[in-house]
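Structure first, commentary second.
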Amino acid sequence: MAEAPGQGTESTTTPVESGDLDRARAATVRVFVALAPPDDAKDELARELGPAYEAYPRLRWNRIEDWHITLAFLGELPVETVPLLRPPLAEIAAARRPLELALHGGGHFDDRVLWSGIDGDLDGLHRLATEVRTVVKECGIPFEDRPLRPHLTLARARRDDQASVLEVADGLAGFTGRRWAAERLHLVGSNYGRGPGPIRYRDVESWPFARR
C-alpha cells in the first residue's frame, strides 16, 4: 500500500514560536480559523484512501498533518493584524465544549477538489463558525463570508485530469469514520515568509475548548 502523504507525523500543525510573526519575511500571511481531527481519526481515513494513493499518484494529495475543517477563511492579512484575533478566539474556545464530529463519505468541488464530508454535531459546528466569523468582523478584519460547507480537503487534480477526483469521491461514498471530539480551536497561517514549494500550514496559536 502506498504511504499516505505526510504519514508518520503526530501533530496537525507546527506551532509558531513567539516572535515568528515579526520575523516573517512577508508583509502578509494567509490565515484561517479551523478545527482538526485527532491523529487516529486521520489515520482511519488515510487507511481508507490507501488504494487511491497508489492508483492516483498524479493527484496533488494534501499532507495528513494539514487536514483541517475550515470555519472561516480570512485570506491574506497584514502580519501585524493577526494578534488581534487571539483574545476573542480564546474566549470562544473557553466558553464552548468540544464538538462531537466524524469524517463521512466523500465528494468534490468542480471535478478538481476532492474532500471528505463531516458528520456529527453539524448544528454546533455552524454555530461555532458563526461565532468565529462574528468576532473576526468585530476585529475590523474584512473577509469573504461564504456559507459554511463543512469538509476536509484531501487532494486537487491537475488541469489535464478530468476523472481521478470523481472516481476517488465515488470510492469514499460509503466511508463512515468513528466519532471524535474536536478538542481545540486553531488559528492557522500558511507559508510563513513565502517561498517556492507546496503550501504548508502552521498554527499561529490554538486554544482548548472547555472541559466536558
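Contact record, Ala210 with Pro98: O-CD, 3.1 Å, taken as the closest heavy-atom pair. Between Trp207 and Ala93, the shortest heavy-atom contact is CB-CB, 3.7 Å. Shortest non-hydrogen contact noted between Ala41 and Leu103 is O-CD1, 4.0 Å. Heavy atoms only, all atoms of each residue included: Ala46 and Trp67 are closest at N-CH2, 4.1 Å. Pairing each heavy atom of Ala157 with each of Arg60, the nearest pair is O-NH1, 3.8 Å. Closest approach of Trp61 and Ala155 over heavy atoms only: CE3-CB, 3.6 Å.
Residues Leu59 and Tyr53 fail the side-chain proximity criterion, which asks for heavy atoms closer than 4.5 Å. Contact annotation: the side chain of Leu101 never approaches that of Arg179 to less than 4.5 Å [non-hydrogen atoms, C-beta and beyond]. For the pair Val135/Glu131, no side-chain contact is recorded, criterion being any heavy-atom separation below 4.5 Å from C-beta on. Val33 has its side chain within reach of Leu89: a pair of non-hydrogen atoms, C-beta onward, lies under 4.5 Å apart. Between Leu35 and Phe209 the shortest side-chain heavy-atom distance falls below 4.5 Å. Between Asp145 and Val136 there is no side-chain heavy-atom pair separated by less than 4.5 Å. Residues Leu74 and Leu85 meet the side-chain proximity criterion, which asks for heavy atoms closer than 4.5 Å. Between Asp111 and Leu166, the closest side-chain pair of non-hydrogen atoms falls below 4.5 Å.
Annotation: the span from Glu205 atom CD to Arg184 atom CZ amounts to 9.0 Å, rounded to 0.5 Å. Here the straight-line distance linking atom OH of Tyr56 with atom CG of Asp161 works out to 9.0 Å at 0.5 Å rounding. Here the straight-line distance linking atom CZ of Arg112 with atom CZ of Arg156 works out to 9.0 Å at 0.5 Å rounding. Summarising the geometry, atom CZ belonging to Phe143 is positioned 10.5 Å from atom CG belonging to Leu77; distances are rounded to the nearest 0.5 Å. Atom CD of residue Glu167 and atom CG of residue Leu172 lie 12.5 Å apart, to the nearest 0.5 angstrom. For the atom pair CZ (Arg202) and OG (Ser190), the distance works out to 11.0 Å, reported to the nearest 0.5 Å.
With hydrogens and angles disregarded, no donor-acceptor distance shorter than 3.5 Å links the side chain of Asp123 to the backbone of Leu125. Side-chain atoms of Arg158 come within 3.5 Å of backbone atoms of Arg58 as a donor-acceptor pair (strictly under, hydrogens ignored). Judged by distance alone, with hydrogens and angles left aside, the side-chain atoms of Arg47 form no donor-acceptor pair with the main-chain N or O of Lys42 at under 3.5 Å. The backbone N or O of His186 lies less than 3.5 Å from no partner atom in the side chain of Asp203, so there is not a single donor-acceptor pair.
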Please test Arg30 against Glu76 for salt bridge (Lys or Arg N to Asp or Glu O under 4.0 Å), starting from the C-alpha separation and ending with a verdict. CA-CA 4 Å; Arg30 188 176 294 110; Glu76 295 283 343; 3.1 Å; yes
Could you please spell out the steps behind the side-chain contact (heavy atoms from CB on, under 4.5 Å) verdict for Leu154 and Asn62? CA-CA 5 Å; Leu154 303 174; Asn62 285 4; 5.9 Å; no
Check the pair Leu185, Ser206 against side-chain contact (heavy atoms from CB on, under 4.5 Å), reporting the backbone distance first and the verdict last. CA-CA 5 Å; Leu185 182 65; Ser206 68; over 6 Å; no
Evaluate the criterion side-chain contact (heavy atoms from CB on, under 4.5 Å) for residue pair Glu44 and Asp40; output intermediate values, then yes/no. CA-CA 6 Å; Glu44 185 180 29; Asp40 53 354; over 6 Å; no
Report the C-alpha distance between Thr153 and Thr70 in whole Å, list the side-chain angles of each, state the deciding distance to 0.1 Å, and finish with yes or no for side-chain contact (heavy atoms from CB on, under 4.5 Å). CA-CA 9 Å; Thr153 301; Thr70 300; over 6 Å; no
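Arg149 CZ: 12 or fewer foreign heavy atoms inside a 6.0 Å radius. Annotation: Arg178, atom CZ; neighbour count of heavy atoms from other residues, nucleotides and ligands within 6.0 Å is above 12.
Cluster note: Val113 groups with Phe109, Trp115 through ILVMFWY side-chain heavy atoms spaced under 4.5 Å, whether in direct contact or through intervening members.
Aromatic rings from Phe32 and His68 are positioned such that their centres are separated by under 6.0 Å.
The residues Asp66 and Arg63 are annotated as salt-bridged, a charged nitrogen and a carboxylate oxygen being separated by less than 4.0 angstrom.
Leu84 and Val82 end up in different hydrophobic clusters when Ile, Leu, Val, Met, Phe, Trp and Tyr side chains are linked at under 4.5 Å.
Applying the salt bridge (Lys or Arg N to Asp or Glu O under 4.0 Å) criterion to Asp110, with sequence neighbours excluded, gives no partner residue.
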